[in-house]
Every structure is written in C-alpha cells, then in structure tokens.
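Values below: every heavy atom of this structure, side chains too, minus hydrogens, waters and symmetry copies. The residues of the chain are indexed from 1 along the displayed sequence.
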Amino acid sequence: MLLAHYGERAIFAADRPFLPRGVMTIMQRLSLLQRRFSPLEERLITAVREVLPPQVQSIFDAQVAAISLVQRHPLWTEIAFYCRRNGKVDWSGVPMFPRTGEFRFAKVRFTVERRPYKATLTCIGGHIFDFAIAPSPKVTAFAEWDTGVSARMLFDPLTVDSGRPPEPIPALWREFITRRPPPSGWTFHDAGTAYRTTFDEGEFLVLAEREGDEFILHRIEPAASILFYMKSHDGTPGSIGGTIDDIFRETEK
C-alpha cells in the first residue's frame, strides 16, 4: 500500500501493534487508545530530538506537542502524524519550519533483538509528517531497543527552500525514459518527481505507476542493482526477471 507523495498524504487506518513473536496483551491494546504514541514512536521521536540544534528543537517540540492523531500502515512501515481540529487536519498556529517542501528530515538506525531497523522522518508543508521504517517494526513496537542507537539530521529545516531534493535515479531507468514515452495510463518519474515508499523488504523509489495500481520500483536500501515490479498497490515488490520493455509489453496485452 502506497502513500501519495504530495500534500497531506492518504491516512491509513490505525492498526494494532504486537509484541515480539506476535504476542500482544489486552493492556497494550488499550494503551494505544489512551496515549498518542506507541513506545516505538516515543523512542523514534526522542532519538531525533537529541540530534537537533536548539533552534530546530524548539519548533520540533511544538509540532510534536500538536500531534493529535497517529495513523499506521498495517505493517507499521509508515507512521503518519496529524494535527486534527474539528475533524480536519489543521496545523495553523503551530510553529512551522521555513523549509516548506517535502524533504527527508532525519534518520534513525536502531536494533531490536539484534535485528537492524532504519527509520526516516519526512517533513512536508513546514511540519513533520511521517516515519518510513524498514523492515516492518510491528512485532517489536513494544520491545526495548538494543544499545547503539544512531540518529542524524539529513536536511536543515530552517533553510528557506520549497523544493524537494532530487532522488537517485538508476542509470538503467534514465536511459529507458529517454527512448520510450509512457504507455497509456502510465506515469514515468524522474529525479524531480520520483518518491519513496517503504515495504518490509526495504525502502523503494517509485519510478513509474499505472493509475495507482501498478508500479516500477528501485530499491534504495538495502541497495539493489535491479528494478522491481509490483502488480497492485497491496502487493509485494518482485525483481524484474527480463527487461523493462517486457513489463510494459505484458501490461499492454
């Protein structure tokens, strides 16, 4: 399942967390009804806060305090934050970052039971928006982290820049889109329009999409030299065995 890549992106229905090995107590279920953040989200927010300069930290704190709704992808690979008032998203009156474009704000690396995870916090419209996490952290949402957590700020949110940093487009795709226009119903993306999404298999860049239900993907992390194809928005990315042309010939049948 993909989030749209501009504006206030699609809200996923909140999903229930699980303890390691799939066990979840009734008290833990109830706790998510009575608190804004799960233990996972609290730890991620704290890890980001600790690496921010004071002038960034004060704005970050105000935005975190304003969050009134947390929505989670079914696998918890994307966790979105909203300030809702009177039934709609409304960040008015909350301190905003000068940088208003969509950008990757901070990255956190942590391990649970010796399994490594990476979480990237994205900002949009001058405020924090979502964590993209790989692999799925759902089964460890209530677990303690191992030692050795690392975090860093990726882009300065105080820089007045409404643009979005270009994405790393693989040479194979750059060459392909120079010689072939998009087939009917397809949208091809370049460095300025490609966007990121996260699955249990890793973090991917969407290179092409067909009416929101078929996708050509490039895996950023763990890095892969091949491209991936996903037949539906709720499917699983699979490596392209032949050429990119083969995919489009098949979809045009």
Side-chain angles (χ1 to χ4, degrees), residues 1-7 9-10 12-13 15 72-80 101-104 107 109 111 115-122 124 129-139 154 163-253:
M1 188 179 292
L2 297 173
L3 291 173
H5 58 289
Y6 283 108
R9 295 180 278 186
F12 288 106
D15 197 41
R72 304 171 183 93
H73 182 281
L75 293 177
W76 288 46
T77 51
E78 295 188 52
I79 300 173
E102 181 178 0
F103 65 96
R104 292 176 296 128
K107 180 182 292 185
R109 292 184 182 273
T111 60
R115 187 180 190 189
Y117 294 85
K118 185 195 77 169
T120 303
L121 178 60
T122 296
I124 190 167
F129 177 64
D130 71 352
F131 275 109
I133 311 170
S136 168
K138 183 175 180 179
V139 297
L154 300 176
R164 195 164 63 102
E167 295 290 358
I169 303 298
L172 177 65
W173 182 251
R174 291 199 305 270
E175 185 275 331
F176 177 78
I177 61 177
T178 60
R179 63 177 174 82
R180 174 165 182 166
S184 177
W186 280 89
T187 299
F188 286 177
H189 295 297
D190 57 19
T193 61
Y195 60 96
R196 298 183 182 220
T197 190
T198 306
F199 301 96
D200 198 30
E201 295 79 8
E203 185 176 16
F204 289 80
L205 197 62
V206 177
L207 302 177
E209 54 191 313
R210 183 182 190 182
E211 300 174 347
D213 205 42
E214 281 186 86
F215 304 89
I216 303 293
L217 307 167
H218 166 51
R219 195 173 69 196
I220 301 171
E221 191 167 333
S225 59
I226 58 175
L227 300 185
F228 293 77
Y229 170 68
M230 194 166 72
K231 194 171 183 178
S232 67
H233 70 276
D234 56 355
T236 300
S239 59
I240 296 177
T243 67
I244 306 175
D245 292 281
D246 293 336
I247 293 293
F248 292 108
R249 278 194 289 269
E250 184 67 25
T251 60
E252 290 173 341
K253 289 181 179 179

For this session: Determine, step by step, whether F176 and F248 satisfy the ring-ring contact (aromatic ring centres under 6.0 Å, His included) criterion, reporting the C-alpha distance in whole Å, the side-chain angles of both residues, the deciding distance to 0.1 Å, and the verdict.
Result: CA-CA 12 Å; F176 177 78; F248 292 108; 5.6 Å; yes

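- Evaluation of the side chain to side chain contact (heavy atoms under 4.5 Å, CB included) rule for T236 yields E201 as partners, not counting sequence neighbours.
- Minimum interatomic distance between I133 and T198 (heavy atoms only, all atoms of both residues): O-CG2, 2.9 Å.
- With no hydrogens or angles considered, a side-chain donor-acceptor pair links Y229 and E214 at under 3.5 Å.
- To the nearest 0.5 Å, atom CZ of residue F215 and atom NE2 of residue H189 are 8.5 Å apart.
- With sequence neighbours excluded, the residues satisfying side-chain hydrogen bond (donor to acceptor under 3.5 Å, both in side chains) with T111 are D146.
- Separation of atoms OG (S232) and CG (D213) is listed at 5.5 Å; rounding is to 0.5 Å.
- To the nearest 0.5 Å, the span separating CH2 on W76 from OG on S136 amounts to 9.5 Å.
- Judged by distance alone, the side chains of E78 and T197 do bring a donor and an acceptor atom under 3.5 Å apart.
- Smallest separation of non-hydrogen atoms from L75 and K138: O-CB, 3.6 Å.
- We find the CD1-CE distance between I240 and M230 to be 12.0 Å, quoted to the nearest 0.5 Å.
- Within the 4.5 Å cutoff, no side-chain heavy atoms of L121 are placed close to those of K107.
- Note that the CG atom of D200 and the NE2 atom of H73 stand 10.0 Å from one another [nearest 0.5 Å].
- Annotation: side chain to side chain donor-acceptor pair (under 3.5 Å) contacts involving residues 217-227, sequence neighbours excluded, comprise R109-E221, K118-E221.
- Heavy atoms only, all atoms of each residue included: L205 and A194 are closest at CG-CB, 3.8 Å.
- Taking each heavy atom of R196 and P168 in turn, the nearest pair found is NH2-CD, 3.9 Å.
- Among all heavy-atom pairs drawn from P222 and G202, the shortest one is CD-CA, 4.2 Å.
- When side chains are defined from C-beta on, F131 does not count as touching R72, because their heavy atoms never get closer than 4.5 Å.
- Other residues, nucleotides and ligands place no more than 12 heavy atoms under 6.0 Å from the NZ atom of K231.
- Contacts of A208 classified as side chain to side chain contact (heavy atoms under 4.5 Å, CB included), with partners at least two apart in sequence or in another chain: W173, W186, F188, I216.
- With sequence neighbours left out, the side chain to side chain contact (heavy atoms under 4.5 Å, CB included) criterion links L172 to L227, I244.
- Here F103 contributes atom CZ and I124 contributes atom CD1; the two are 10.0 Å apart, rounded to the nearest 0.5 Å.
- Here the shortest heavy-atom pairing between I177 and R174 reads CG1-O, 3.4 Å.
- Not counting sequence neighbours, T187 has no partner by the side-chain hydrogen bond (donor to acceptor under 3.5 Å, both in side chains) test.
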